[in-house]
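Naming: A, B, ... by sequence-line order, numbering from 1 per chain. Every heavy atom of this structure was used, including side-chain atoms; hydrogens, water molecules and symmetry mates were not.
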There are 2 protein chains.
Amino acid sequence: MNETTLCPRLAKAMDLIGKRWTGLILYQLLDGPQRFNEIESALPVSGRLLSERLKELEKEGIVERKVYTEVPVRVEYSLTDKGQALEGAIRNIEIWATNWL
Amino acid sequence: MNETTLCPRLAKAMDLIGKRWTGLILYQLLDGPQRFNEIESALPVSGRLLSERLKELEKEGIVERKVYTEVPVRVEYSLTDKGQALEGAIRNIEIWATNWL
DNA sequence: TTTGATTAGTTACTTTTAGTAATTAAATAA
DNA sequence: TTATTTAATTACTAAAAGTAACTAATCAAA
């Protein structure tokens with residue numbers, strides 16, 4: 001193992017996107033703001049991990065969390081500009097998947 | 001959890017690329033064929049996982065393994081067409097990383 | 001003929017992460 | 001008071017990753 005010339009920004013990007021479910025969560029959010037349960041229902045991810053991933057993405061400024069104090073409470077997640085900027089990468093993966101899988 | 005409308009091909013692509021180190025291994029191979037130790041030295045990945053990942057990628061037809069019976073043995077890994085087709089996706093992640101991280 | 005060097009792994013063991021299911025908090029309606 | 005709904009969290013188990021030592025193959029040097 002070593003850490004030589006590897007670009008730290010690319011490494012971080014791969015670490016973020018590469019975390020399990022993160023890519024699919026972002027893909028899901030490309031459709032627009034969605035609440036917790038919507039994302040949970042759309043993907044085979046448990047609430048435990050979805051919560052964890054959304055927190056990470058929020059911390060990185062990729063996802064925004066908005067609470068509506070309705071009854072019952074509504075929490076919506078959406079992509080920030082930084083998150084939206086990932087669309088090209090995600091669409092490219094989608095295209096590759098369509099052509100090669 | 002559910003498995004509703006999620007595109008299975010995208011899910012598989014995300015699962016492949018999303019596995020730890022896989023993105024960086026592919027990025028590394030965009031530079032051309034490389035032997036095991038070269039990849040291991042370029043990335044902070046251990047031989048154990050590098051070996052595991054390369055096997056998965058070979059099984060998926062993304063990476064090709066070629067053995068040269070020299071002394072000592074030389075094993076080179078390279079991208080197949082299917083693997084090379086991921087360049088767009090990987091470059092997009094690279095660009096995003098440059099702009100946003 | 002034994003020792004060492006080199007590459008490409010594998011094995012054994014520990015730590016971290018993920019999966020699963022049950023539980024909680026808050027706010028209200030019946 | 002009990003039930004309902006959403007958005008989580010907690011406790012526990014299973015799987016994956018990290019680490020370091022070891023192996024196989026082949027030859028050269030001592």
Side-chain angles (χ1 to χ4, degrees), chain A residues 1-4 6 8 11-29 32-60 63-79, chain B residues 1-4 6 11-12 14-29 32-60 63-79:
Chain A
M1 302 235 296
N2 82 38
E3 308 272 350
T4 48
L6 180 61
K12 181 169 182 184
M14 289 295 188
D15 188 51
L16 271 170
I17 299 175
K19 271 205 175 98
R20 208 167 214 171
W21 305 119
T22 301
L24 289 173
I25 291 166
L26 295 173
Y27 178 77
Q28 196 62 29
L29 289 175
Q34 282 170 68
R35 48 203 303 191
F36 190 87
N37 275 346
E38 283 183 275
I39 306 172
E40 195 180 12
S41 299
L43 304 175
V45 66
S46 68
R48 180 193 163 305
L49 277 207
L50 178 56
S51 172
E52 199 172 284
R53 288 297 180 270
L54 287 169
K55 259 186 214 160
E56 292 164 6
L57 291 170
E58 197 192 353
K59 206 182 94 198
E60 291 294 332
V63 156
E64 191 186 10
R65 179 178 185 269
K66 219 167 172 181
V67 180
Y68 299 86
T69 48
E70 302 170 354
V71 172
V73 70
R74 179 160 60 102
V75 181
E76 276 194 357
Y77 292 89
S78 57
L79 295 176
Chain B
M1 302 237 293
N2 81 40
E3 307 272 352
T4 48
L6 179 60
K12 181 171 182 184
M14 288 296 188
D15 188 52
L16 271 170
I17 299 175
K19 270 206 175 98
R20 208 167 214 172
W21 305 119
T22 300
L24 289 173
I25 290 167
L26 294 173
Y27 178 76
Q28 196 62 30
L29 288 176
Q34 282 171 68
R35 48 203 303 190
F36 190 88
N37 275 347
E38 284 183 273
I39 306 172
E40 196 181 11
S41 298
L43 304 175
V45 66
S46 68
R48 178 192 165 303
L49 277 208
L50 178 56
S51 171
E52 200 172 284
R53 288 297 180 272
L54 287 170
K55 261 184 213 160
E56 292 164 5
L57 291 170
E58 197 191 353
K59 206 181 93 197
E60 291 294 330
V63 157
E64 191 186 9
R65 179 178 185 269
K66 219 167 173 180
V67 180
Y68 298 87
T69 48
E70 302 170 354
V71 172
V73 69
R74 178 161 60 101
V75 181
E76 276 193 356
Y77 292 90
S78 57
L79 296 176

Whether each nucleotide of nucleotides 21-30 of chain C has a protein heavy atom under 4.0 Å at its base (B), only at its sugar-phosphate (S) or at neither (-) is summarised, 5' to 3', as ------SS--
Can you pull out how bent the helix from C:dT1-D:dA30 to C:dA30-D:dT1 is, comparing the axes over its first five and last five pairs, to 10°?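 About 30°, once rounded to a multiple of 10°.
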List in chain and number order the residues that pass side-chain hydrogen bond (donor to acceptor under 3.5 Å, both in side chains) with [X], two or more places apart in sequence or in another chain; answer none if no residue qualifies.
X	result
B:E64	none
A:K55	none
A:E58	none

List in chain and number order the residues that pass salt bridge (charged side-chain N to carboxylate O under 4.0 Å, His left out) with [X], two or more places apart in sequence or in another chain; answer none if no residue qualifies.
X	answer
A:K12	A:E60
B:R53	B:E56
B:R74	B:E70, B:E76
A:E52	A:R48

Among residues 50-58 of chain B, which residues get a heavy atom nearer than 4.0 Å to DNA chain C?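 Going residue by residue through residues 50-58 of chain B, the ones with a heavy atom under 4.0 Å of DNA chain C turn out to be B:S51, B:K55.
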Can you name the side-chain contact (heavy atoms from CB on, under 4.5 Å) partners of A:V73, sequence neighbours left out?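 By the side-chain contact (heavy atoms from CB on, under 4.5 Å) rule, A:V73 matches A:V67, A:V75.
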Which residues pass the side-chain contact (heavy atoms from CB on, under 4.5 Å) test with A:N37, sequence neighbours left out?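 side-chain contact (heavy atoms from CB on, under 4.5 Å) list for A:N37, sorted by chain: A:E40.
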Touch check for A:Y68, heavy atoms < 4.0 angstrom, all strands: base, sugar-phosphate only, or nothing?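 Here A:Y68 touches no strand at all.
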Taking the minimum atom-to-atom distance to the side chain of A:R20, which one of D:dA16, D:dA7, C:dA8 wins?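 Selected nucleotide (nearest to the side chain): D:dA16.
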